[in-house]
Structure formats: C-alpha cells, structure tokens
Asks: 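One structure, pasted below without further comment.
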Amino acid sequence: MSGSRQLHFGAFMRPTTIHTGAWRYPGAFPDANFNLGHLKRFAQTLERGKFDAFFMADHLAVLNMPLDALKHSHTVTSFEPFTLLAALAMVTEHLGLIATGSTTFDAPYHVARRFASLDHLSGGRAGWNIVTTSNPDAALNFGMDDHMEHGERYRRAREFYDVVTGLWDSWADDAFIRNAESGLYFDPDKLHVLNHKGPYLSVRGPLNIARPVQGWPVVVQAGASDSGRQLAAETAEAVFTPPANIAAGREFYADVKGRMEKAGRAREHMKIMPACFVVVGDSVQEARTKRAKLDSLVYYDNAIASLSIALGHDASRFDPDKPLPADIPESNASKSARQRVVEMAEREKLTVRQLAQRLGGYSGLAMVGTPQSIASEMEEWLYTDASDGFTIMFPYLPGGLDDFVDRVVPELQRRGLFRREYEGKTLRENLGLPRPTNRFFETRRAAE
Ligand SMILES: Cc1cc2nc3c(=O)[nH]c(=O)nc-3n(C[C@H](O)[C@H](O)[C@H](O)COP(=O)(O)O)c2cc1C
C-alpha cells in the first residue's frame, strides 16, 4: 500500500444519529436534532476535526412508521436544512454545508436559488445532495395521492439537474460591473436566459442571484439502483451510497467511475464517500459492547417498522420467528434497500425478528473497533479503490462525534491518511474538485 491519497470525510447530521436507540444512550443529548446550541457545538467539533462537510439529509414528511413505533424515535423532528445551514455558516469558516434538495417535490428555480444563496453566504461551502425522495409519504404533503414511479423520478431528476446547473450559469463571473460613474450595474451581454422547455420542466430564467462562488455548489448523490448509479455517474461530484462491505465497495467504485468515463467525465472529478456507522472503543470488545448496549435500546415496534420501510411492505404481518417470505414483490420504494435486506436475511439465515432488530439499529456499513483498527480499515478502503473517504454516521451525540474527532482523526493524521489543515476555503478546494466552466460564457470564449 502506498501513495499520497488522503481520505475525505462528510458527517451525516440529520438526523444527528440515524440509530433510533441513540437518544436514550447514557450521556446522549436527547434533543440533539432540534437544539441550535448543540448543533453549533457539533459543527465546530467537526471543523476542529478538519471534516470536509456537514450533511443535512431531508425527508419532507415524518418517517413513514406507525405511531406506536414513531413515538419512540428522535428522528421525528429536525430543522429544515437551509435555515440551519445558513446559521451554521456564521459560526464556521471551512466546513462544507451540504443539504438535500428534492427533484420530485421541489421546483428547480427554488433549488437553484437556495443553493446559490447558501454558497454566497458561506463563501463557497455549499453542496446539493440530489434526491428523488425516498419517503413515499412526502407525496401526501404536496397535494399528490401517490409517489411518482421510481424510473420516472430519475428521468425527471436528470432534467432537473440540467436546469439547476443551467440557472447557476445564468451570469458570467464578471457580469457585475457596478460602475457608479457610468451607471452600469451589470453587462447585459453577460446574462444568459435559459429558456428551458423539456418533458418534465419548463423554466425561463435567468436566476436572480449571481453565479455561485464555487461556480456550482458541489453536486452529491446517494442512489444505489441502476438509475441511481447512472445519475451519479453523469452528475455527481461526491457520492454517499453505502455498499454492504469492502468487496461491494470496490464493485460500486469501479462501476460508477467506469460509467463516468463513458459519460465523458474524468474519474477524479468524483469522490466516493460511503455512509459508514463508526463506534470507537478502547478495545474492539469495548466498542462491540457499546454497540450492543445501543442496539438493546431499540423497541421491537421500531425494528419491524424499519424493516417494512426497507422492504416497501408491511413486515408486521410476517411470522417473527420464521425466515422472510420468499416472494415479496418489488415496490415503488428504494430498490437497493429491499435487495440489501433480502440478501442479508438469506446470507445470515435470519428470522424476521432478528432481521428487524438489525434494521432498527443500523444495518449498513459499520466500523466498530479501536482508533487503530478503524484507521486500518479505512486505509484498506482507500488504497484498494473501494472509496475516497466516508460519510460518518455517529452512534450517539456528543460522545460518538467527540470520540471520532479526538481519537480516530489523530490516528489517521499520524498515518498521513488525513489532512492536518484545510487545503482551501471552498468545499470544492477541500475535496480537490475543479470549478465548473460556465457553459454559456467560458466555453464560448474558449471556442472563439
Ligand atoms: C447517506 C445517504 C443520505 C441520503 N439522504 C437522503 C435524503 O436526504 N432524502 C431522501 O429522500 N433520500 C435520501 N437518501 C436515499 C437515496 O437518495 C436513495 O433514494 C436511496 O439510497 C435508494 O437508492 P435508489 O433510489 O437508487 O434505489 C440517502 C441515502 C444515503 C445513503
């Protein structure tokens, strides 16, 4: 193993922890999701740990669980991402600020404006996680009866991306002259009207905000299905999709980077940073004990509801002490989540109850061990082309975050695997991503 590559880290912060037992863990802040003082402290700790970004997921509906399960979950309320990230921009200097923006329930003009605003407010630290929205209940909050079909959601997302980035390119970087003597505020030749009319969207433009500091906020994706991978390959500059293990990670990495090349993009213009749940202990055994304690705090109602969400079917009707029925059909919910769960049940010969208990905690990619063992695992992922970094999910707050920043980060720095100082001011500079050219101005200029 050799090389000068270094890891990049995002922090998955909405919900502040995805584990439904977390708020009851000894010493945890039960109201972490909805307390600005706590969130400010977390953001500043992440910046002390030289994290690339703070990531706010978004779901547009409370979690689609029965009330008896939902009532145990801390994930039920969180801040709206843009208002929170604008506040956090004022108390941080380097930390990237990534929010989810839905291509199914939002309008591209809104999305383009909000991210452009956040990018200006933060001095070039914004990122857009493109989602087609996984929670079908969101439809009911936006005047629709049903969630749009999966394939159609992704076709609309692809067009949506072209519109949003086209709106960000509305103005040349030097459009604003602001010459008080001549009275010319901007050069009208440096303004482009998009005039987009496509199968799903119709947007005239131009955007009423100057081109973002980064040109475009960093574009992120977390899809895993074939359509999700393809959208990532064509558009994403960072990808958060979690593979089940390192072998699946290498397959995903090679597949998405290969698709990128086919789409005419350079492989290094995307950082693959899978979501990863990290539990740190003084010994591997202690870390496992912490995780077991955490998992013991999950209610069975929540566990079975989490399984229903992953399958897209009501799992409470299955016999809890039998294996998962073989003939569960695909649904309109996440295809990859369903497949992962079905495979896990088969591979590990789990009953419905055991499978549910896994899902009620966190069943995705996890690293549970000492700072040294976790650093070694991450090193292997980096140097065998399974990832370029990770999007860290903390088991409980603030303890899990403090453990990572105070114990894992120094170990990675000692091994030369992680930065000691930020490389630049913007999220793009820190991730090592190029500034996109303005398709209406810079490419034209280059061709002239
Ligand atoms: C780290 C991570 C963050 C995600 N954030 C969101 C989110 O904020 N909102 C959302 O609706 N879906 C979110 N998703 C779900 C994905 O966008 C996607 O729908 C899911 O991974 C299934 O992929 P598929 O749609 O390609 O089947 C997230 C997934 C991951 C792994």
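Every number for a ligand or one of its atoms is a count from 1 in the order of the listing.
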Asks: Out of curiosity, is Arg14 lining ligand 1, as in a heavy atom under 4.0 Å away?
Replies: no

Asks: Do Tyr25 and Pro395 make a side-chain contact, defined as non-hydrogen atoms from C-beta onward lying under 4.5 Å apart?
Replies: no

Asks: Assess the pair His19 and Tyr362: is the distance between their ring centroids shorter than 6.0 Å?
Replies: no

Asks: Tell me the contacting part of Gln221 for ligand 1: side chain, backbone, both, or neither, using a 4.0 Å heavy-atom threshold, strictly below.
Replies: neither

Asks: Please name the residue in the list Asn430, Thr92, Asp119, Thr426 that meets the side-chain hydrogen bond (donor to acceptor under 3.5 Å, both in side chains) test with Arg125.
Replies: Thr92

Asks: Determine, using heavy atoms of Asn129 and all atoms of ligand 1, whether some pair is separated by less than 4.0 Å.
Replies: yes

Asks: When you compare the side chain of Phe160 with that of Thr104, does any pair of heavy atoms fall below 4.5 Å?
Replies: no

Asks: Number the atoms of ligand 1 from 1 as they appear, then name those within less than 4.0 Å of a heavy atom of Val131, with their elements.
Replies: 6 (C), 7 (C), 9 (N), 10 (C), 11 (O), 12 (N), 13 (C), 17 (O)

Asks: For Ala57, is at least one N or O under 3.5 Å away from an N or O on ligand 1?
Replies: no

Asks: Touching ligand 1 at all, Asn135? Heavy atoms, strictly under 4.0 Å?
Replies: no

Asks: From the options Pro242, Ala275, Pro274, Ser134, select the one whose nearest heavy atom is closest to atom 10 (C) of ligand 1.
Replies: Ser134

Asks: In terms of side-chain heavy atoms, does Asp388 have a donor or acceptor partner in His8 at a distance below 3.5 Å?
Replies: no

Asks: Under 4.0 Å from any heavy atom of Thr100, which atoms of ligand 1 are there?
Replies: 7 (C), 8 (O), 9 (N)

Asks: Considering the options Arg5, Arg267, Arg250, Lys257, which one meets the salt bridge (charged side-chain N to carboxylate O under 4.0 Å, His left out) requirement together with Asp385?
Replies: Arg5

Asks: Looking only at distance, does Thr241 have an N or O less than 3.5 Å from an N or O of ligand 1?
Replies: no

